[in-house]
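As the structure is a computational prediction, the values presented were derived from the model and not from experiment.
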Amino acid sequence: PEEIFFRRHQCRTAGGGVPKLLEDAFATAGTVWAGTDVVLDYKASPPPVGSEGLLPPALIVRGEHDFVTDPCFDGWQRLFGWEKSRVRIMERCSHYCHLEEPEAYGRMVEEFCAENDVV
């Protein structure tokens, strides 16, 4: 069951296995963000009063089959501000969109940077 969940909601790469980059990251990750349970009830905290205008534009990306919940994404969008953030849902992807569809992910980041003049 854990392997099936991983392939459906965490990493949908062509070969179905775990990419070496992700294996290395898992091997050196700490314990705070280990596993998928950590985001079940996670909600982003609002910025300190008076700092709302200081946050940069944000590109908030999720996969169509991502295990991260809608309330979590809504929290991130509220945190950065509805007008300064862009939520993008990548079709056919799970959590690691940049490994699953690297070209599409790269184009999306380039477009966001160009839109926000940070290239």
Side-chain angles (χ1 to χ4, degrees):
E2 191 172 310
E3 185 178 327
I4 293 170
F5 180 88
F6 182 86
R7 286 196 316 252
R8 285 185 185 159
H9 303 290
Q10 285 186 270
C11 195
R12 292 174 164 239
T13 53
V18 179
K20 177 79 170 104
L21 288 170
L22 196 51
E23 275 184 6
D24 293 346
F26 286 159
T28 59
T31 57
V32 175
W33 290 102
T36 57
D37 297 355
V38 297
V39 297
L40 290 177
D41 59 354
Y42 178 80
K43 291 191 176 96
S45 301
V49 175
S51 67
E52 294 84 0
L54 301 176
L55 293 174
L59 176 60
I60 305 168
V61 181
R62 71 181 297 177
E64 175 184 14
H65 304 284
D66 206 317
F67 64 85
V68 176
T69 62
D70 288 337
C72 181
F73 267 81
D74 291 345
W76 282 111
Q77 195 164 19
R78 272 194 307 281
L79 174 70
F80 283 97
W82 297 99
E83 69 285 345
K84 291 176 75 174
S85 61
R86 300 289 177 266
V87 172
R88 298 291 182 259
I89 299 172
M90 294 190 66
E91 294 180 4
R92 299 176 308 279
C93 289
S94 55
H95 189 67
Y96 298 104
C97 303
H98 60 293
L99 298 176
E100 299 166 46
E101 295 286 341
E103 292 83 15
Y105 186 88
R107 283 191 304 275
M108 180 179 49
V109 171
E110 284 180 9
E111 289 168 8
F112 177 79
C113 291
E115 175 186 323
N116 290 283
D117 197 27
V118 290
V119 285

Distance from [X] atom [atom1] to [Y] atom [atom2], nearest 0.5 Å?
{"X": "Cys97", "Y": "His65", "atom1": "SG", "atom2": "NE2", "value": "10.5 Å"}
{"X": "Glu103", "Y": "Glu101", "atom1": "CD", "atom2": "CD", "value": "7.5 Å"}
{"X": "Leu59", "Y": "Arg86", "atom1": "CG", "atom2": "CZ", "value": "9.5 Å"}
{"X": "His98", "Y": "Leu21", "atom1": "NE2", "atom2": "CG", "value": "8.0 Å"}

Item to check | Heavy-atom check, side chain of Glu115 versus side chain of Glu111, under 4.5 Å | outcome: no
Item to check | Shortest non-hydrogen contact from Leu99 toward Pro102 | outcome: O-CD, 3.8 Å
Next on the checklist: Restricting to non-hydrogen atoms, name the atom on Gly63 and the atom on Ile89 that form the minimum distance, rounded to 0.1 Å.
Outcome noted: C-CG2, 4.1 Å
Checklist entry - Does Gln77 reach the main-chain N or O of Phe73 with its side chain, forming a donor-acceptor pair under 3.5 Å? => result no
Item to check | Arg62/Asp70 under side chain to side chain contact (heavy atoms under 4.5 Å, CB included): CA gap, chis, key distance, verdict | outcome: CA-CA 10 Å; Arg62 71 181 297 177; Asp70 288 337; 2.5 Å; yes
Next on the checklist: Test side chain to side chain contact (heavy atoms under 4.5 Å, CB included) on Met108 and Met90; report intermediate values, then the result.
Outcome noted: CA-CA 10 Å; Met108 180 179 49; Met90 294 190 66; 3.6 Å; yes
